[in-house]
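First comes the structure, then the notes that go with it.
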Amino acid sequence: MESSSDAVVLPVYNEGGTVGSVLDAVRAVFSGAIIVVDDGSADETASVLAARDDIQVLTHAVNLGYGRSLIDGFAAALATGASRVVTMDCDGQHEPAHIPEFLAELGECDIASGSRYLPDSPVDGLAPPSRQDVNRRVTAAINTVTGWSLTDAFCGFKAYRASALEVMRLTEPGYGMPLELWAEAFRAGLCVVELPVDRIYFDGDRSFGQDLDDPERRLGYYLRVWERSLAREY
């Protein structure tokens, strides 16, 4: 059941065409705090967000990265006193109707993570084979170390207990931040569960920036983040 102390965090970068409808869909099922992190968007995103009075907006003057956006969003959510935090993307590929299900799972576990590859995950569109391959290889690397049975290392639709966020040290600013998160969750002994979410793809040509559009380079970057995070000493 939703609580007044719950928060939803949405990182946004140049998603002016979808962010308004996504926020409407979130608000239809969620009455708590909605925190949008605009990561230096250069399109109409800022004006769409400015027209709303039902959200909190954090703005990066320049693009700092997906990981940095989530880290800043987590900090803002915890500052509101949130006891549970949901994250999801604003590109229309996550279905906000699942938010109550994710929150409910936190009664048993610390992190509820969406998976587009469970048997019950509906499919709408085809994921580029190279992206599926990278996800599969990284997910296998995580499971080998942790003994978990994850099926999707990269789904951005997640829910966290605030206590889980408070014990993880997250610093990676780029797309590899989920690997740091999994390493921190493992080291902290957190309970993780996966929930099926829709596998919606209509952005097969999306760029990861810098030199990460090459699948092997992207894989190498992800594995470096994973291994570095596991080896971190406190």
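Positions are given from 1, in the same order as the sequence printed here.
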[X] versus [Y]: any side-chain heavy-atom pair under 4.5 Å?
X      : Y      : answer
Ile99  : Met88  : yes
Ser121 : Val197 : no
Leu181 : Leu170 : yes
Asn14  : Ser41  : yes
Phe157 : Leu195 : no
Arg218 : Arg131 : yes
Ile142 : Trp226 : yes
Val36  : Leu58  : no

Do we see a donor-acceptor contact under 3.5 Å between the side chains of [X] and [Y]?
X      : Y      : result
His98  : Glu101 : yes
Thr171 : Glu180 : yes
Asp198 : His94  : no
Thr151 : Glu194 : yes

To the nearest 0.5 Å, tell me how far [X] [atom1] sits from [Y] [atom2].
X      : Y      : atom1 : atom2 : answer
Ser130 : Leu219 : OG    : CG    : 11.0 Å
Leu49  : Ser47  : CG    : OG    : 8.0 Å
Leu70  : Lys158 : CG    : NZ    : 9.0 Å
Ser229 : Met168 : OG    : CE    : 11.5 Å
Phe74  : Ile35  : CZ    : CD1   : 10.5 Å
Asp110 : Glu105 : CG    : CD    : 12.5 Å

Could you tell me whether the side chain of [X] and the main chain of [Y] form a donor-acceptor pair under 3.5 Å?
X      : Y      : value
Asp120 : Pro196 : no
Arg224 : Glu227 : no
Asn63  : Asp39  : yes
Thr87  : Gly156 : yes
Ser115 : Tyr117 : yes
Thr18  : Cys90  : yes
Arg84  : Leu106 : no
Asp6   : Val85  : no
Asn135 : Asp152 : no
Thr45  : Gly16  : yes

Only counting residues at least two apart or in another chain, list the ones meeting salt bridge (Lys or Arg N to Asp or Glu O under 4.0 Å) with Arg137. Asp133, Glu216
Shortest non-hydrogen contact between [X] and [Y], atoms and distance:
X      : Y      : value
Arg232 : Glu184 : NH1-OE2, 3.0 Å
Val9   : Ala77  : CG2-CB, 4.1 Å
Pro96  : Val22  : CG-O, 4.2 Å

Stepwise side-chain contact (heavy atoms from CB on, under 4.5 Å) check, Asp38 with Tyr13: CA-CA 6 Å; Asp38 181 3; Tyr13 179 61; 5.6 Å; no
Under 4.0 Å between a Lys/Arg side-chain N and an Asp/Glu carboxylate O for [X] and [Y]?
X      : Y      : answer
Glu172 : Arg228 : yes
Arg52  : Asp24  : yes
Asp54  : Arg27  : yes

One pair to check against side-chain contact (heavy atoms from CB on, under 4.5 Å): Thr146 and Trp182. What are the steps and the verdict? CA-CA 9 Å; Thr146 63; Trp182 290 131; over 6 Å; no
With hydrophobic residues grouped by side-chain heavy-atom distances under 4.5 Å, do Val193 and Phe102 end up in a single group? no
Do the ring planes of Trp148 and Phe186 sit parallel (below 30°), tilted (30 to 60°) or perpendicular (above 60°)? perpendicular
Would you call the rings of Tyr222 and Phe154 parallel, tilted or perpendicular, where under 30° means parallel and over 60° means perpendicular? tilted
Show, in sequence, the C-alpha distance, side-chain angles and deciding distance for Val225 and Met177, and conclude whether the side-chain contact (heavy atoms from CB on, under 4.5 Å) test is met. CA-CA 8 Å; Val225 172; Met177 192 275 271; over 6 Å; no
Does the ring center of Tyr175 lie less than 6.0 Å from the ring center of Tyr221? no
Should Leu10 and Val37 be marked as a side-chain contact (heavy atoms from CB on, under 4.5 Å) after you check the CA-CA gap, both sets of side-chain angles, and the distance that decides it? CA-CA 6 Å; Leu10 303 102; Val37 184; over 6 Å; no
